[in-house]
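Below is one structure, written out as C-alpha cells, with a few remarks after it.
Proteins get letters first, then strands, A, B, ... in listed order; numbering begins at 1 in each.
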Amino acid sequence: MSETPVTASQAEQRIRAMVDSIPKGRVATYGQIAEEAGLPRRARLVGRVLGGLPPRTKLPWHRVVNAAGRISQRPGGILEQRRRLKREGVVLDRRGKIDLTLYRWKPDWDA
DNA sequence: TATATGACGACGA
DNA sequence: ATCGTCGCCATAT
C-alpha cells in the first residue's frame with residue numbers, strides 16, 4: 001500500500017481540521033499538528049496556513065504554539081494570542097512560556 | 001535557475 | 001538555557 005502524495009489544498013484542509021479539534025484550554029505545537037495531519041516535518045507549512053487564515057476565522061489558531069512552548073512571532077503581535085490563551089485558563093510563566101507537559105493536547109486522549 | 005525568507009524544529013557546543 | 005547551523009519546503013524576487 002502506498003501513500004499518494006498530498007495536494008496542497010488537501011494538506012491545508014487537514015491542517016485546519018486538526019487545529020479545529022484542539023480543545024479549549026489545551027495547546028498543540030506546529031510540528032505536532034503537521035505530524036497528526038500526516039505531514040511529518042512540515043511544521044512550517046502549518047505556520048504558513050495559519051498565517052493565511054482570514055482575520056475573523058473561528059479556527060482556534062491561538063492554541064498552536066512552537067515546540068519551546070512559546071508564542072511564535074506573528075503578524076499582529078503575540079499579545080492577542082496570549083490574551084486568548086489566558087482567557088481559556090492556559091498559564092504562561094513570567095517569561096511567557098507554557099508548560100507543555102501540562103497543556104499539550106494528546107489527540108487520542110478524549111476518545 | 002538561484003537566493004532569500006518564513007506563525008518551525010532537532011541538535012550540538 | 002541560549003545560540004548557531006542545518007533540514008524542511010512553499011513563495012517571492
For dG9(B), does OP1 or OP2 lie under 4.0 Å from any side-chain N or O of R42(A)? no

Counting only side-chain N and O atoms of R48(A), is one of them less than 4.0 Å from OP1 or OP2 of dT11(C)?
yes

Starting at [atom1] of [X] and ending at [atom2] of [N], how long is that distance when rounded to a whole Å?
{"X": "Q32(A)", "N": "dA7(B)", "atom1": "CD", "atom2": "P", "value": "20 Å"}
{"X": "Q73(A)", "N": "dT5(B)", "atom1": "CD", "atom2": "C1'", "value": "15 Å"}
{"X": "N66(A)", "N": "dA10(B)", "atom1": "CG", "atom2": "P", "value": "10 Å"}
{"X": "L50(A)", "N": "dA10(C)", "atom1": "CG", "atom2": "P", "value": "16 Å"}

With sugar-phosphate meaning primed atoms plus P, OP1 and OP2, does [X] contact a base, only sugar-phosphate, or nothing at under 4.0 Å between heavy atoms?
{"X": "G51(A)", "value": "base"}
{"X": "R70(A)", "value": "nothing"}
{"X": "L45(A)", "value": "nothing"}

Membership question, hydrophobic clusters at under 4.5 Å side-chain separation (ILVMFWY): are Y103(A) and W105(A) in the same one? no

| What distance, rounded to whole Å, do you find between the two P atoms, one in dG12(B) and one in dC8(C)? | 16 Å

- prompt: In whole Å, what separates the C1' atom of dT13(C) from that of dA7(B)?
  reply: 22 Å

Check: W61(A) and E80(A) side chains under 4.5 Å, non-hydrogen atoms = yes

Quiz item: Quick one: does R44(A) reach the base of dG6(B) with a side-chain donor-acceptor pair under 3.5 Å?
Solution: yes

CD1 (I15(A)) and CG (L50(A)) are apart, to the nearest 0.5 Å, by 7.5 Å

Paired with E88(A), the side chain to side chain donor-acceptor pair (under 3.5 Å) test is passed by just one of R63(A), R26(A), K24(A), namely R63(A)

dC11(B) -> Watson-Crick or G-U wobble partner, both distances under 3.5 Å, gives dG4(C)

